[in-house]
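Encoded as structure tokens, the structure appears first; notes follow it.
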2 protein chains.
Amino acid sequence: MPKPSPPKRATVHDVAAAAGVSRGTVNRVLNGGYVSATARTAIEAAIAKVGYVPNTAARNLVRRRSQAIGFLAMEPHSLLLEDPNIGAIMLGANEVLSVADHQMVSLVVDSYRDTERVGRYLRGGFVDGAIIVSARAHDPITRLITQLRLPATFVGHPPDLHHSIPFVGIDNVGSARTITQRLLQTGRRRIGMIAAALDRDSGADRLTGFRQALGDRFDPSLVAEVPLYDYSNGVKGMRVLLDREPLLDGVFAASDAVAAGALEVLREAGRTVPGDVGIVGFDNSSWAMRTQPPLSTVHQPAREIGQNAAELVLNQVRGTEPAARSILLDTSVVWRDSA
Amino acid sequence: MPKPSPPKRATVHDVAAAAGVSRGTVNRVLNGGYVSATARTAIEAAIAKVGYVPNTAARNLVRRRSQAIGFLAMEPHSLLLEDPNIGAIMLGANEVLSVADHQMVSLVVDSYRDTERVGRYLRGGFVDGAIIVSARAHDPITRLITQLRLPATFVGHPPDLHHSIPFVGIDNVGSARTITQRLLQTGRRRIGMIAAALDRDSGADRLTGFRQALGDRFDPSLVAEVPLYDYSNGVKGMRVLLDREPLLDGVFAASDAVAAGALEVLREAGRTVPGDVGIVGFDNSSWAMRTQPPLSTVHQPAREIGQNAAELVLNQVRGTEPAARSILLDTSVVWRDSA
DNA sequence: TTGTACGCGTTATCAA
DNA sequence: TTGATAACGCGTACAA
């Protein structure tokens with residue numbers, strides 16, 4: 001079987017020939033510059049006629065650009081698909097990047113080996129900038145990026161954010177406070193929290209908001225810490241909570257998936273929701289509407305987060321970045337039946 | 001703010017200078033060829049010392065390759081994230097592509113405008129090959145790809161598959177037959193199907209399998225057709241079925257999401273599962289374990305599908321494709337409590 | 001086994 | 001306003 005030959009593509013040279021001008025002039029209509037009206041129309045016709053499309057490789061070579069932005073997800077492979085927001089964030093980022101004719105290359109950093117590989121990639125100049133999702137504290141990748149002075153934006157800030165790098169996110173503290181207050185307003189007295197992912201800003205901030213809302217009534221023994229934002233950790237956390245305080249009548253779960261797991265445990269324990277105990281989640285993911293009863297939760301604009309992150313990087317790449325940096329997007333609370 | 005200057009990168013020239021040889025020799029150790037042991041070690045040391053990484057743009061320019069494979073999803077944006085398999089398929093494909101040092105560029109084709117844009121992209125030689133997911137009949141993109149003789153692989157075959165293009169998929173007919181038989185074996189007499197996405201091979205084949213399993217007992221009036229594989233269509237389909245045949249005691253839902261919707265309607269109608277009616281799904285997605293009761297369903301190896309698809313394209317790109325073409329992967333049935 | 005020189009398709013610089 | 005020409009970094013004949 002013969003190696004398929006790449007399709008023949010028209011070049012600037014061909015366009016110039018077809019229009020009866022030099023390559024320089026063609027280039028000026030492509031990339032702006034002084035050019036006479038007659039030449040312009042002739043060239044535009046020629047471009048359409050020969051079906052010219054610029055060759056990215058050649059262009060990038062001379063411009064010393066890759067026209068690519070890295071999307072770094074610092075997350076175990078398995079969790080990538082479970083995360084209800086990451087997909088929408090990627091989609092949002094990809095939207096504005098592709099409009100700006102940039103390629104989004106997604107790199108998941110799971111193991112140490114990944115760190116090395118991605119490090120080489122970044123150093124190699126394969127991307128003009130990076131969007132970093134769910135970075136943890138003291139991340140080697142973060143250090144590398146500041147070292148390289150690579151244009152970048154965080155989605156959610158790592159605890160040790162070097163503020164030369166902007167971020168886009170939501171107010172986790174405020175959102176958590178608001179939704180916890182709802183629990184208080186509906187008369188719950190013994191309120192616990194299943195706190196997940198405390199090594200991330202989102203996790204830590206949600207706990208902070210919970211504590212703020214409770215004020216004097218905050219009781220550390222009613223906080224069950226679990227590592228991840230998922231269903232099975234919701235199950236574990238709820239068991240702990242129920243064990244410590246059988247009279248519990250309110251629960252703030254750090255995510256909808258966690259809440260769904262908690263709900264299952266409550267059902268097994270014979271507690272009714274929202275009768276015996278009220279429960280609220282976070283994310284407004286598809287979980288929230290599937291549970292019985294549906295969850296009251298915090299909606300975060302994941303797609304917009306992605307879009308804003310992409311814009312922030314592109315601004316830096318283009319060198320047209322004024323003073324204003326990080327962006328905090330608004331959340332909204334969705335009331336359903338669980339509390 | 002100054003435009004961030006791209007990091008200075010070492011070139012073959014630098015390596016040659018550092019090793020005291022010519023660029024040609026350096027090239028030979030990079031891309032294979034005769035080279036003396038002494039020269040090789042000297043050059044390898046030099047490469048490490050100056051931190052040389054090949055420049056993709058330059059390499060692609062001269063090789064006339066893009067080192068990119070398009071991942072085309074012919075699906076509405078909104079459904080992309082809902083589909084339980086597509087994410088895993090992408091991950092699987094990306095895995096083998098990145099090992100082969102190829103970029104995966106994902107292109108979602110939703111509207112007619114997308115078709116045009118993607119068409120330009122393919123014609124422009126921006127990808128060396130393509131993986132196409134959920135193509136429908138008479139797709140203009142498919143036609144373009146055969147025209148261009150672009151190396152490609154389908155995931156699931158479109159009804160009008162031009163057999164010059166290989167595909168990787170599962171045996172939807174056989175899997176559907178098997179799981180429907182289970183319903184029969186457990187003594188169900190009036191079995192209906194909620195058939196979704198009949199304009200796709202997967203949807204049509206599952207209906208075929210259902211019909212085969214039932215044989216003489218097949219009753220067309222017990223098939224509710226719905227357009228999409230999602231929860232809300234499961235709700236609609238189940239209502240139709242219950243309306244047409246109140247004595248129904250078995251249901252094959254075309255996907256787990258559909259089954260979940262159907263389950264909700266059954267609950268509202270006061271039917272117990274699996275007591276009054278047995279129900280089975282398809283996909284073994286996260287839905288299957290979240291429903292009450294958990295679903296019996298067909299597991300399909302989504303990740304492997306992606307891996308195989310990528311390998312099939314790469315083989316064609318490299319021109320090292322023997323005779324064997326399409327691949328059918330095995331499914332397995334997962335028995336839970338719903339039937 | 002090694003070195004030299006040309007071409008890949010663009011952009012950018014400089015004269016004209 | 002336009003045209004010629006030199007990079008950009010690499011692969012590859014061809015000659016040595």
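Only this structure's heavy atoms are used, side chains among them; waters, hydrogens and symmetry mates stay out. Reminder, nothing fancy here: chain letters follow the sequence lines and each chain counts from 1.
Taking every heavy atom of both residues into account, A:Ala93 and A:Ile131 meet most closely at CB-CD1, 4.1 Å. Taking each heavy atom of B:Pro301 and B:Leu329 in turn, the nearest pair found is CG-CB, 4.0 Å. Contact between B:Asp128 and B:Gln67 at its shortest, heavy atoms only, is OD2-N, 2.8 Å. Heavy atoms only, all atoms of each residue included: A:Leu312 and A:Pro166 are closest at CD2-CB, 4.2 Å.
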Going through the checks in order, is the side-chain contact (heavy atoms from CB on, under 4.5 Å) test met by B:Ile165 and B:Phe154? CA-CA 7 Å; B:Ile165 300 178; B:Phe154 283 107; 3.4 Å; yes
Show your working on side-chain contact (heavy atoms from CB on, under 4.5 Å) between A:Ile69 and A:Met104 and close with a plain yes or no. CA-CA 5 Å; A:Ile69 300 291; A:Met104 184 176 98; 5.7 Å; no
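One finds no side-chain N or O of B:Arg64 lying less than 4.0 angstrom from the OP1 or OP2 phosphate oxygen of C:dC8. The phosphate of C:dG9 has neither OP1 nor OP2 within less than 4.0 Å of any side-chain N or O from A:Arg59.
Every residue two or more places apart in sequence or in another chain was checked for a side-chain hydrogen bond (donor to acceptor under 3.5 Å, both in side chains) with A:Asn60, and none qualifies.
Inspection of the B:Gln103 and A:Gln103 side chains reveals no N or O donor paired with an N or O acceptor under 3.5 Å.
Heavy atoms of B:Ala57 sit nowhere under 4.0 angstrom from any nucleic acid atom.
Listed in residue order, the members of residues 49-56 of chain A having a heavy atom less than 4.0 Å from DNA chain C are A:Tyr52, A:Val53, A:Pro54, A:Asn55. Contact check of residues 12-37 of chain A against DNA chain C (heavy atom, cut-off under 4.0 Å) returns A:Val12, A:Arg23, A:Asn27, A:Asn31.
Both A:Leu61 and A:Thr38 lie near DNA chain D, and the one whose nearest nucleotide falls closer to the 5' end is A:Thr38.
Residue A:Arg65 contributes atom CZ, which lies 14 Å from atom C1' of C:dT10 at whole-angstrom precision. Regarding A:Ile43, its CD1 atom lies at a distance of 13 Å from the P atom of D:dT1, rounded to whole Å.
Listed nucleotides D:dG11, C:dG9, D:dC10 differ in distance to B:Arg63; the shortest reach to its side chain belongs to D:dG11.
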